[in-house]
Amino acid sequence: MTEHAAHAEEIHPEPKDFFHKYVWSYDHKVISKQYLFTAFFFLIVGGLLAMLIRWQLAYPFQPVPVLGSLLHGHLFFDDSGAITPEGYLQLTTMHGSIMIFFVMIPMLVAVFGNYLIPLQIGARDVAFPLLNALSYWLYLPAGILAFSSFFLAKGAAEAGWTGYPPLSDVSSSTPGSGSGQIFWLLSVFLVGFSSILGGVNFLTTIVKMRAPGMTWDRLPLVTWSQLITAVFQALATPVLGSAMALMFMDKVFHTSFFIPSGLQNSDDQLVGGGGLVGNAGGGGHPLLWQHIFWFYSHPAVYILILPGMGLASELIATFSRKPIFAYKPMVGSMATIMGLGFIVWGHHMFVSGMSPAMGMGFMMTTMLIALPSGVKVFNWLGTLHRGSIHLTVPMLHGLSFLSMFIIGGLSGIFMAATPVDIYIHDTYYIIAHFHYVVFGGSVFAVFGGLYYWFPKMWGRKMNDKLGYLHWFLTFVTFNCTFFPMHLLGEGGQMRRLATSTGYEYLQPMQDINVFISVSAFILGASQIIFLFNYFYSIVKGPKAEANPWNAITLEWTIPSPAPYHNFDKIPTVYRGPYEYSGEEAEKVGRDWIAQDEKLPA
Amino acid sequence: MNSAITNKLNIFITLLVITAVQIGLSYADFLAPVGHIIAALLLAASETILVGLFFMGLKNDDRLLRTTALFPFVLFCIMNGALVLDVLIFMKH
Amino acid sequence: MQKRHPWLVGLGLLSMVGWLLLPAKAFAGLSFGKLVPNLNFAFGNTIDSLYSIIFWIVTILFIGTEGAIVLFIILYRKRDGHKAHYSHGNKFAELTWTLIPMAILVWLAIFQQSTWAFIRADMPPASESNLVQVFAEQFAWNFRYAGPDGKFGTPDDIMTINQLHVQVGKKTVAHISAKDVIHSFFIPYARIKQDAVPGMLNRIWFEIDKIPCWDLKAQQMVFFSPDEIKEKKVALDGFAFKADNVDITGVKKYHYDPLPDTKTAPILYEGKIEDRPIEEAEYVQHPIEIACAQLCGLGHYRMVGYVVVDTPETYDRWMQQAIQNKLRSGESKWTDIWDKYYPQYNTAE
Amino acid sequence: MEHTAVRVETEERLENVSFGMWLFISSEIMFFTPFFAMYIIMRNAHPELSHPHMLNVPIASVNTFILVISSLFMTNAVNASKSGDGVKTSNNLLLTALCGLAFLVLKAVEYSGEIKEDLLPSTNIFYSCYYTMTGFHGLHILIGVIVMGILAWRARRGDFTKTYNSPIEVCGLYWCLVEVVWFFLFPVLYLV
């Protein structure tokens with residue numbers, strides 16, 4: 001068993017029939033593509049929801065142009081085709097839930113993690129291929145559950161993606177909190193369970209199945225970020241599962257975990273267990289849900305950004321033709337984020353009735369966790385410094401990640417300062433902050449990653465002209481959409497308002513809302529360019545060679561598209577992942593040298 | 001081989017004894033209510049360590065598995081510590 | 001490498017440079033005080049100044065880092081003869097940009113502990129402040145004042161819906177809870193926000209130091225300090241507040257019109273309230289708004305409350321009137337729920 | 001998984017499986033953490049709702065002993081599978097599954113006793129916590145019993161050899177996890 005002979009023999013023959021090749025497949029590359037196409041579908045659904053939200057905010061209660069006349073009286077439209085107040089809440093809740101659980105986490109972790117981890121560490125497949133397939137086949141029904149909750153009699157869940165009780169818990173408090181909320185609970189539980197299995201799978205793969213020579217300081221930063229994300233997924237997502245289980249018990253078995261005694265519904269009847277009139281129960285505490293939910297959800301926002309950081313590091317280093325600046329501190333800051341990530345969740349609850357003393361503690365840890373992100377930003381700048389920057393499409397996305405993540409991170413500091421958070425909490429300032437970090441950060445990293453690894457995934461190249469056009473439109477309209485939200489936040493416009501025009505002090509905000517909506521429509525439209533470019537190039541794109549970007553990591557040493565069993569022989573790794581323009585590269589006459597390339601004697 | 005088996009039997013018997021002690025102690029009323037809680041939790045923790053080390057094989061596993069086994073209990077204390085601090089101690093009802 | 005398109009790349013750079021000088025960023029910082037002026041001189045100013053301190057630190061960092069990106073793109077762009085410099089890092093640079101941000105962040109954190117404690121933890125004593133109970137429900141704010149006997153839950157309490165009366169310059173302590181779902185008591189002009197959680201009593205205090213009035217000539221809101229208002233003729237009622245829709249974006253135009261066939265109105269002038277002819281009124285007492293900042297159901301967007309800021313004279317006048325005609329609107333909420341299930345909330349501290 | 005020739009599992013594969021299972025065990029412990037957090041808050045916020053020995057302690061004590069005995073059978077099964085003896089493994093697995101079933105039956109008896117006295121999850125927050133914690137723990141035991149049944153059937157059929165016994169190892173770890181959770185549940189709910 002010396003030179004990994006066992007691995008070589010274990011090559012299962014590639015399945016031939018359509019079912020085992022594409023549907024019930026164990027191959028990590030096929031599973032990642034299954035996740036990719038499902039995440040694209042939910043990206044379109046989530047995007048449409050966002051367009052409806054922006055329509056309602058710009059032209060409150062005016063009939064929606066096309067969809068309104070088609071679906072008047074159904075879903076979230078009233079008879080005249082305008083969006084109803086409870087319909088608006090369903091839009092915001094499902095926009096948030098679908099984008100986070102069904103688009104971003106799968107796109108960042110399941111698509112890139114699944115595809116890249118085995119290839120970058122030199123393994124044939126993930127540690128547990130059956131478990132990998134099981135993760136996808138838990139994620140898909142969860143998606144179907146979430147999507148079908150729109151068509152329920154009383155509509156989808158309406159308590160925000162955070163689902164704070166008693167609004168989400170007491171079914172009579174709002175129409176969506178009946179069966180819609182139960183569908184939401186089940187679908188989030190299922191997608192949480194699938195992401196726990198994914199975390200366990202990836203963590204075992206990275207820790208245990210690295211090729212010989214792939215020591216911890218030669219691991220590419222994409223895989224490092226997937227490792228830290230997998231730790232968060234394996235240890236924090238179960239807490240979300242039990243929060244969902246507790247509220248499920250509340251709604252179905254009429255327990256009263258989050259229902260305080262003496263709670264009344266809107267027609268002044270006392271409600272007990274399960275929010276039902278006449279039940280005794282009570283004695284629960286709504287703040288417990290917030291504590292348990294945010295104990296998961298802060299690690300979840302790091303699950304959303306860490307893979308993006310890994311992708312951006314890869315893109316920036318490759319297209320500056322220069323090793324990543326300070327590799328060890330980059331890994332160190334990710335480890336610090338893992339350490340601090342579990343003890344910061346209270347900064348979501350500064351004004352929620354959590355005691356002020358706790359606020360002080362969480363302010364300290366929140367201020368500290370801003371530091372690793374700052375260190376990473378400066379290291380990326382260090383990588384760009386004195387590099388030879390190729391402004392290809394993936395690089396432009398990588399630079400957009402860097403520039404937008406800076407704004408997202410800096411606007412986070414305002415919230416960490418608790419007195420300022422008193423004013424801007426639950427306003428559009430918060431929405432601007434997390435859209436800058438999630439959209440400006442992770443989505444640009446995902447677009448960059450999809451362009452960058454398209455040749456390896458499909459064996460073809462995407463069209464560059466469309467790529468530049470899509471980047472430029474998205475970059476400009478993204479800023480025009482989300483930067484003015486800082487102004488809305490400073491003007492005190494609260495989140496999740498069907499319209500802000502009811503408030504006299506918010507009148508000056510309405511023109512900003514209209515500007516945001518118009519740029520949001522253009523932003524939505526410009527994504528069609530990307531989707532067309534992606535699917536068109538899968539079929540019609542020019543053939544791609546094995547290493548079109550002259551990159552170093554192991555996945556570029558195998559032909560494109562990556563063959564079924566990845567490596568003919570498990571490679572041996574001799575150097576770090578970012579050895580661009582070094583002496584070793586000069587010895588082989590190029591400005592890069594692959595990780596497993598033996599130097600000529 | 002037989003030392004392994006007798007080892008397993010010894011552990012098994014100690015577990016039975018600890019459970020019996022736990023139940024017995026709970027009926028002893030010389031301990032204050034707080035004492036009951038501490039005694040019960042200590043015995044439960046000792047049972048967990050015994051099962052973990054011997055029945056689950058942590059005894060001859062590397063440091064990685066031991067940290068994996070320990071880390072959730074650290075998070076258990078972080079979450080419960082923060083919740084108890086906030087809801088019970090700092091909150092003026 | 002693919003063929004590059006210079007004009008496209010130029011466009012990309014332009015947008016990045018343009019983005020750098022985007023006036024919005026500067027406007028954003030300076031606008032903080034303009035959009036919603038702060039009326040709470042107790043801690044509102046510290047929040048505003050803290051915001052601007054963080055804003056200037058952030059803007060310097062922003063200009064520095066974004067500028068560095070664009071500079072590096074231009075300086076180190078790929079061109080023949082230019083090779084990337086091989087380096088794995090520079091200890092000195094790494095140390096500086098770890099320690100300096102850490103110092104700033106820790107200083108920021110420590111600097112605010114006292115502000116946070118002042119705003120949240122130490123409540124003003126009962127002698128110096130008015131105590132009011134706030135009971136949020138699905139889509140309205142119920143307020144209760146202790147009335148002459150100074151105790152809550154007694155028959156002489158004053159209860160109002162969506163109408164909070166506050167004395168200018170005097171601290172107000174609010175004990176906040178909710179009936180059905182979580183709401184959030186948010187007065188933007190007073191820079192305060194606190195969730196109203198059912199089954200829990202949250203305490204905040206605030207102070208409003210300017211009196212908002214409506215300038216009848218300019219038809220817009222103005223703020224007077226207690227001594228400025230002495231020379232102004234402010235009508236206390238006799239006017240109706242109207243809002244007309246301007247266009248489909250829902251923007252509204254507000255104006256006060258005198259009530260039809262009213263000759264005289266109570267006008268506050270030089271600290272005295274007398275009935276004067278309605279034409280003499282130059283200003284009308286105008287409330288500032290309370291908003292609900294936590295998602296509380298389908299009426300979340302229309303849960304508007306009003307804070308009427310009174311001078312001592314107008315406050316006493318209103319209180320006397322309320323006591324006389326036993327103002328107890330929304331009484332069932334208090335007697336059937338607050339006093340019945342949460343009697344321990346009727347505390348003074 | 002069709003019945004292939006005798007599968008060979010490398011030493012590494014066993015390492016991966018046990019590390020993966022340990023991660024899953026820590027995620028299960030994290031799944032129960034909020035339940036304990038909820039319980040601790042509830043007991044302190046509403047001390048009047050419960051007192052020591054309020055629930056049916058005899059049945060729970062018997063259940064605890066049953067679980068301890070089942071863990072002995074489980075370790076025997078794991079040792080037998082290490083030495084490749086399919087039949088012995090299968091017998092021990094069936095014994096453990098039997099103990100699991102006995103646990104569930106006693107649990108059902110306990111529940112029906114309480115439901116007869118009209119002590120439902122909706123009566124008060126203590127019973128909400130009690131039913132949720134023991135309910136989810138019982139669910140985990142049920143899953144364990146089903147998995148052990150399948151493994152016992154496969155062991156009897158000779159699927160597992162000296163070089164391929166990771167499923168039994170995994171099942172052993174899972175069963176000890178379920179036992180450890182009960183070790184904490186039992187005193188916290190019944191004795192204190």
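Note that the structure is a prediction, hence the values are computed from the model and not measured. Letters go in sequence order (proteins before strands), and every chain restarts at 1.
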Any side-chain heavy-atom pair from B/Met79 and A/Ile343 closer than 4.5 angstrom? no
So do the side chains of B/Leu83 and A/Phe295 get within less than 4.5 Å of each other, counting heavy atoms only? no
Quick one: pull up CG in B/Leu75 and CZ in A/Phe342 and give me the separation to the nearest 0.5 Å. 5.0 Å
Let me know if A/Leu203 has heavy atoms under 4.5 Å from chain B in its side chain, its backbone, both or neither. neither
Under 3.5 Å donor-acceptor, B/Asp86 side chain and A/Ser355 backbone: yes
